[in-house]
Each structure stands twice: as C-alpha cells, then as structure tokens.
Amino acid sequence: MSRQTAFLLVCTASLCLAVPAAAQEPAEHCTATHDYRRIYAFQDYQYFKPPIADVRSPKFSARAYRDEALPFTSSTADGDHRFFDVSLGEHFPVLGANFYRDPPENCMEVRGLALALEASAHTLIDLDTRSSDVVNTDFRVGAALVIRPLTHWSLLWRFFHESTHLGDEFTLGAVVDSTFIRYNVSYEAHEALLAYDRYSPDQVTSIVPVYGRIYGGGRRYVQGFAKDWDGTFPAFEPDKPPLRLASLWEAQGGLEVFWRLFPDDDHPARVRDSFLDHMVKPQLLYLAGDVANRSRYATTAPVRTPWVHLAAGLVYGDFFQAERSVRWTLDFYDGPQPHGQFRSGDIRYWAVSFAIDF
C-alpha cells in the first residue's frame, strides 16, 4: 500500500464527520425503539455494545503511532517507524427477540437477546519501508449471542476463527534473512464478557456521567473442536519449532465512562442534524480502558503478560441510539504486539485514532 493510499483512507474517514446522520423523530429518548418489535431481524437493540477500548472489537477504525521497526523489516528510516493500524469490521445483529411487548423509554435498557454475525480484518502498515509495506493482516469471522436479561446486566458470548497473513512486500524482504520463520497462526476461540452498565439520557451536568459500564470475562482457545490441541502454531518449514501459547485461557476486563457535551435543552439525548453538530461540536466525552492477560508467543517458554489499552476521546453523533457516530481518540497501549506471529514481542505507544460506528 502506498503512502498516497493510506492518506486517502484517512481523508475519506475524516469526511464522514461532515455528513450528518439522517434526521430522526425520537420515540421518547430512544430512536432504536421507534420500530420496536417483539421478534425482529436486522435491527440493533444494543444489548451489549462492543467494548470501545478492546483493540480487536469489530469496527471501522484507524490508528497512527510510532514504534520501533519490526524484525526483518526493509527499513528506509532510522529510529522509530510510523505505523498505520487499520481495522475494518462490524457486529451485525441478524435475528432477535425482545422480552417485553412494550418498548422502554431508555434504549440502553431494552431486555432481549440476539444472534449476530461478526467479521473483521486488522491490518498493520509500516509507512517507513520502501513500499509502505503491509506487514500483517489478521482476519476474524464468527458468530455472537448477546443478551440483556436484566435492566443493567448484559452478556456477550462469541465463537470466532482468526487467521494471520503476512503482507507480500514484508515477506519478500524477510525471506532473504535465513533466520526468518513463517508461522501458521490460526485458531478458534470462545469468548464471554459479562457487563454491568447504567445509562441516564436526561443527565446534562458536566460532572455526573451519562453512561458507565464495567465488564469482565475471558477467552478459551480451541482448534476447531479438537480436544487435544496443545496450543501450538506450526512453522511452514517442518523442521522448525512451533510457536506456543502460554495457556489456553486468558482473562479480560474493562471500564467505560461517558459525559454529555453541549446537550440540546429540549431533547438531552438527541443530536441536532447540522453540519456544526457533526463536524465541530462533539456530543460526548469518554474515558475507557481495557486490560487483558494475553499470551506472548514463544518457541520454548511462552508467558502470559498484560496488555493495557487506555483511550480518551470525543464522540460525534447518536452513539447510544444505534445511529452513525464518529469517535476521535487519544490512545495509550502497552503489551504484546497484537498482530499475528509478532505477538512474540512487546510494544508501547501513544496514538491518535478514529472510528466510525454504523
């Protein structure tokens, strides 16, 4: 991928800020319940919103940061390299059922369950290589069950397949080094998260949050349905040792807090449909953190080590009403490199990122 292409991606996403969402007539405080149904298809009642600080949540986002060059990189610059970390994906509810016939006033308290499809691609680009190499892309596809059995409690369970693919430009440069080994990092996993949250759409003060959520859970790696999988990823060269997981179990937890900004006095939860509101005036300020105890891959002595992602940012749009919104974020990450076989190393960076929620 050329630098011009990467620049166009950023510009295209930035222009989404200037495109107002379609005007809505809210049903009380919740446009998501405007067409409320007991049994439904292809609607999102937000029983469990994907964690925004999870670096592998399915979403459309891009993150720019600087860090040390990866091993076997065809470098054209000394010192730290500029990286572009892009995610393209979606959590797509397919079929669901609400537990009550009449809609609640608060759209974040709808009780029900839904089956969703999830798919995403996570690409790492090194802008300081000869051809702005695509270093790696991880593809993920799976299904999820989301449920809100009680007003303030919700649950997400997903089963997914993830496979990693090194970029052509990176591989062509790496194979000239005799120590380079290509691994088949491919696996399936179950993941479950339990959350407690509160949403107050009428909250207009600058001190009390409009929304808060805490969640926790974990992941169990599997290889298809093989019960004897030992958590190893083989090399493409048969005589090379495999990469290993430290454990088939990993824990995860996080916290999110949102504050209302510039509320509409008549409709505190409503976003006015104007260029100013979508380009200049953010609707929400948020702080979020996600911590996971992930394996750092190794051939002999893998270990579990925490990865920490902290995010502070602004939201433009109806984030809590299942409408399009845009987020600009300042990120801090410390932990294993999340991309493919590079999870055998650690990274730490500050980044600027944006995300689009549809």
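Along the sequence shown, the residues carry numbers beginning at 1. Every value quoted in this text rests on a predicted model; they were computed, and no experiment measured them.
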I'd like to know if the side chain of [X] and the backbone of [Y] have a donor-acceptor N/O pair within less than 3.5 Å.
{"X": "S247", "Y": "W249", "value": "yes"}
{"X": "D331", "Y": "R63", "value": "no"}
{"X": "H309", "Y": "A53", "value": "yes"}
{"X": "N106", "Y": "M108", "value": "yes"}
{"X": "S132", "Y": "T129", "value": "no"}
{"X": "T171", "Y": "G167", "value": "yes"}
{"X": "R296", "Y": "G335", "value": "no"}

Roughly how far, to the nearest 0.5 Å, is [atom2] of [Y] from [atom1] of [X]?
{"X": "Q337", "Y": "L70", "atom1": "CD", "atom2": "CG", "result": "6.0 Å"}
{"X": "I356", "Y": "E90", "atom1": "CD1", "atom2": "CD", "result": "11.0 Å"}
{"X": "L243", "Y": "S295", "atom1": "CG", "atom2": "OG", "result": "11.0 Å"}
{"X": "N293", "Y": "W307", "atom1": "CG", "atom2": "CH2", "result": "11.0 Å"}
{"X": "R130", "Y": "D133", "atom1": "CZ", "atom2": "CG", "result": "7.5 Å"}
{"X": "E188", "Y": "Q223", "atom1": "CD", "atom2": "CD", "result": "5.0 Å"}

Over 60° means perpendicular and under 30° means parallel, so classify the ring planes of [Y] and [X], tilted if in between.
{"X": "Y221", "Y": "Y187", "result": "perpendicular"}
{"X": "Y47", "Y": "Y45", "result": "parallel"}
{"X": "F354", "Y": "W328", "result": "tilted"}

Sort out for me which residue in Y65, F332, Y333 forms a ring-ring contact (aromatic ring centres under 6.0 Å, His included) with W350.
F332

Among Y183, F83, F170, whose ring-ring contact (aromatic ring centres under 6.0 Å, His included) with F342 holds?
F170

In one Ile/Leu/Val/Met/Phe/Trp/Tyr side-chain cluster, 4.5 Å: L115, W157:
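Not linked; separate clusters.
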
Electrostatic pair [X]:[Y] at N-O distance under 4.0 angstrom:
{"X": "R56", "Y": "E162", "answer": "yes"}
{"X": "R343", "Y": "E250", "answer": "yes"}
{"X": "D197", "Y": "R213", "answer": "no"}
{"X": "E118", "Y": "R158", "answer": "yes"}

Between D230 and T232, does a side chain to side chain donor-acceptor pair (under 3.5 Å) hold up when you go through it step by step?
CA-CA 6 Å; D230 60 356; T232 61; 2.9 Å; yes

Can you tell me if R66 has over 12 outside heavy atoms packed within less than 6.0 Å of its CZ?
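Yes.
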
Just wondering, more than 12 heavy atoms not from D346 lying within 6.0 Å of its CG?
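Result for CG/D346: enclosed.
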
Is a donor from one side chain sitting under 3.5 angstrom from an acceptor on the other, for [X] and [Y]?
{"X": "Q252", "Y": "D54", "answer": "yes"}
{"X": "T137", "Y": "H165", "answer": "no"}
{"X": "T151", "Y": "R111", "answer": "yes"}
{"X": "H190", "Y": "R220", "answer": "no"}
{"X": "D126", "Y": "H81", "answer": "yes"}

Locate the shortest heavy-atom distance separating [X] from [Y]; write the atom from each residue and the value.
{"X": "L284", "Y": "F320", "result": "CD1-CE1, 3.6 Å"}
{"X": "R182", "Y": "T164", "result": "NH2-O, 3.2 Å"}
{"X": "P338", "Y": "D138", "result": "O-OD2, 3.6 Å"}
{"X": "I207", "Y": "W259", "result": "O-NE1, 2.9 Å"}
{"X": "A116", "Y": "H91", "result": "CB-CE1, 3.5 Å"}

Centroid separation under 6.0 Å, is that true for the rings of Y215 and Y196?
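Centroid separation for Y196 and Y215: 6.0 Å or greater.
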
Apply the test side-chain contact (heavy atoms from CB on, under 4.5 Å) to residues Y40 and L95: give CA-CA distance (whole Å), side-chain angles for both, the deciding distance (0.1 Å), then the verdict.
CA-CA 6 Å; Y40 60 88; L95 184 66; over 6 Å; no

Step-by-step side-chain contact (heavy atoms from CB on, under 4.5 Å) determination, F258 to L285:
CA-CA 6 Å; F258 288 74; L285 166 69; over 6 Å; no

Answer yes or no on whether K49 is positioned over the face of F319, meaning its NZ or CZ is under 6.0 Å from the six-membered ring centre and within 45° of the axis.
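That pair qualifies as a cation-pi contact.
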
Quick check on side chain to side chain contact (heavy atoms under 4.5 Å, CB included): which of P50, S61, S325 does D357 satisfy it with?
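Result: among P50, S61, S325, S325 is the only option passing the side chain to side chain contact (heavy atoms under 4.5 Å, CB included) with D357.
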
Taking it one step at a time, do D85 and H339 satisfy side chain to side chain donor-acceptor pair (under 3.5 Å)?
CA-CA 10 Å; D85 194 337; H339 285 273; 3.1 Å; yes

